[in-house]
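Reminder, nothing fancy here: chain letters follow the sequence lines and each chain counts from 1. All values below come from the heavy atoms of this structure, side chains included, with hydrogens, waters and symmetry mates left out.
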Amino acid sequence: MDTHAWIYLFFYAESAMYALIDCNSFYANCEKLFRPDLKDKPVVVLSNNDGCVVARSSEAKLLGIKMGVPYFQVKDFCDQNNVTVFSSNYTLYADISQRVMMTLETLCPTVEVYSIDEAFLYLADYPVAMQDLSAYGHKLKAIVEMHTGIPVSVGIGTTKTMAKLANHAAKKYPATKGVCVLENIRWIRRIMQITDVGELWGVGRRYKLRLNEMGIHTVYQLAICEPGKIRQHFGVVLERTCLELNGQSCLGIESIAPKKQIISSRSFSERITDQQALSESICAHVAKAASKLRKQDSVCAYITVFAKNSPFSKNEPYVLISGDYHFITPTADSRVMVTAARQVLKVIYKEEVRYAKAGVMLLGICQHDEVQLDLFAEGQSNQNDSGQEERAKKSTNKRVEVTAIMDELNQKYGQNSNQQAAVFIASEGIKANQSWQMSRNMLSPCYTTNINQLPKVH
DNA sequence: TCTGGGGTCCTAGGACCC
DNA sequence: TCTGGGGTCCTAGGACCC
């Protein structure tokens, strides 16, 4: 047997430690927080448009409801088994997530929020934690649960990949009581041997198939592979995974960086066959994406507009239309971007397609103060003759002011009950009149973020 | 009838430059 | 007979993640 790999472990084991805290069945448990009557009952949460199951409580998992199944396939089953079903309420989940993350920040100086329900902690520069990792792990779990009511699992290991593996074990094996520390070599080997390689962070469906073909089925078998060989077959990403399994840290704690691409897209609740309706939805996506763009102080160099029919339909061919618009000067002005998007749509639009989804992508994103100016464009110069320069400056400033005021008003007044912003661009249309808007028929109240929807105690 | 949405990173290949 | 070599930038596509 090839044992070269284990040498790393001894070298690196003491130098670094990462913890991964992962909320259990996060969306489902957020819903349960405010519904004590659902304690110990099965709950599932659906994706937008009530399309697929995206979260299941532990009871729902036991019933055998699979992650990602289309809701219509399990609807009857849910009815028969008294499963409570919710549309996703992202406003609620985001607020609860923030509470979890804030609690973690009081327990460790270095926290990386990895997703809405997960965070990595870097323990190496926190001596208190390093003294007794298991005790610290249990403390993390207890305090987060006490402060937020959300149950979590804790995994601790020498690298991020090991922390992920530990977390997986903490979730899967009740004997761990939700906290697993991968410190002891024999224990590490044991966990690796009983974990399918497809469960590992960084191994998706494709890689699992190819690894299996090579005779690699468990995490352990991957860990003892020659990293160079893995690189040859799969590239550097999986090579890093392999190294991380041997205690050699390749992935550090990352700080929050501005997004390099911003997407806004959504399926319609019903098919659209009319260009006007499609245009309104596209314009709304542009406005939403542009507002995200401004929030991170960025501008974008080009925008992609796309729309498509359903890829699942059996009696119509799959149609995807898409087109780009390149801005001469990168921009974050919703009105400029809406005009561009409408122009693109006119060019790419195809008649007689039953559109099921549309959206936009913003690309070529950079910070607004790093913009490459266009020598000949108006409204941005800094070396023209003074009169022109003044006019140009005024025009630019006005644009910035208008969007800033729109953002401020929308921030202050929020959305009405139809999810329409307080101030919006006319070409977005009136949402109340748009029958194709996302359907969310089983939405819970925004218990923590809307004054009119606070839970009541009787 | 009914199948989510939003991201990241890496790689290969083409265009272009000197 | 014999048609370079090295570099950058951009893009599309493929893989992964939650």
>> If you compare every side-chain N and O of A:Ser265 against the phosphate oxygens of B:dG6 (OP1, OP2), does one of them come in below 4.0 Å?
In response: yes

> What distance, rounded to whole Å, do you find between the two P atoms, one in B:dC17 and one in C:dT3?
Replying inline: 24 Å

>> If you only use heavy atoms from C-beta on, which nucleotide in C:dC18, B:dT8, B:dC10 is closest to the side chain of A:Glu118?
In response: C:dC18

> Are OP1 or OP2 of B:dG5 and a side-chain N or O of A:Lys357 less than 4.0 angstrom apart?
Replying inline: yes

> Of the nucleotides B:dG6, C:dC17, B:dG4, which has the atom closest to the A:Lys164 side chain?
Replying inline: C:dC17

>> Can you tell me which nucleotide in B:dG4, B:dC10, B:dG6 comes closest to the side chain of A:Ser47?
In response: B:dG4

> Picking from C:dA15, B:dG5, B:dC10, which would you name as closest to the side chain of A:Ser267?
Replying inline: B:dG5

> So, is A:Lys208 close to the C:dC16 phosphate, meaning a side-chain N or O under 4.0 Å from OP1 or OP2?
Replying inline: no

>> Starting the side chain at C-beta, find the nucleotide from C:dT11, B:dT3, B:dC10 nearest to A:Tyr302.
In response: C:dT11

> Angle class for the A:Tyr27/A:Tyr90 ring planes (parallel below 30°, perpendicular above 60°, tilted otherwise)?
Replying inline: perpendicular

>> In whole Å, measure the gap between the P atoms of B:dC2 and C:dC18 for me.
In response: 30 Å

> Taking atom types as modelled, is there a side-chain donor on A:Glu31 or A:Tyr447 under 3.5 Å from an acceptor on the other?
Replying inline: no

> So A:Tyr122 and A:Tyr18, would you call those rings parallel, tilted or perpendicular, with 30° and 60° as cut-offs?
Replying inline: tilted

>> Given B:dT3, C:dC18, B:dG7, identify the nucleotide with an atom nearest to the side chain of A:Ile262.
In response: B:dG7

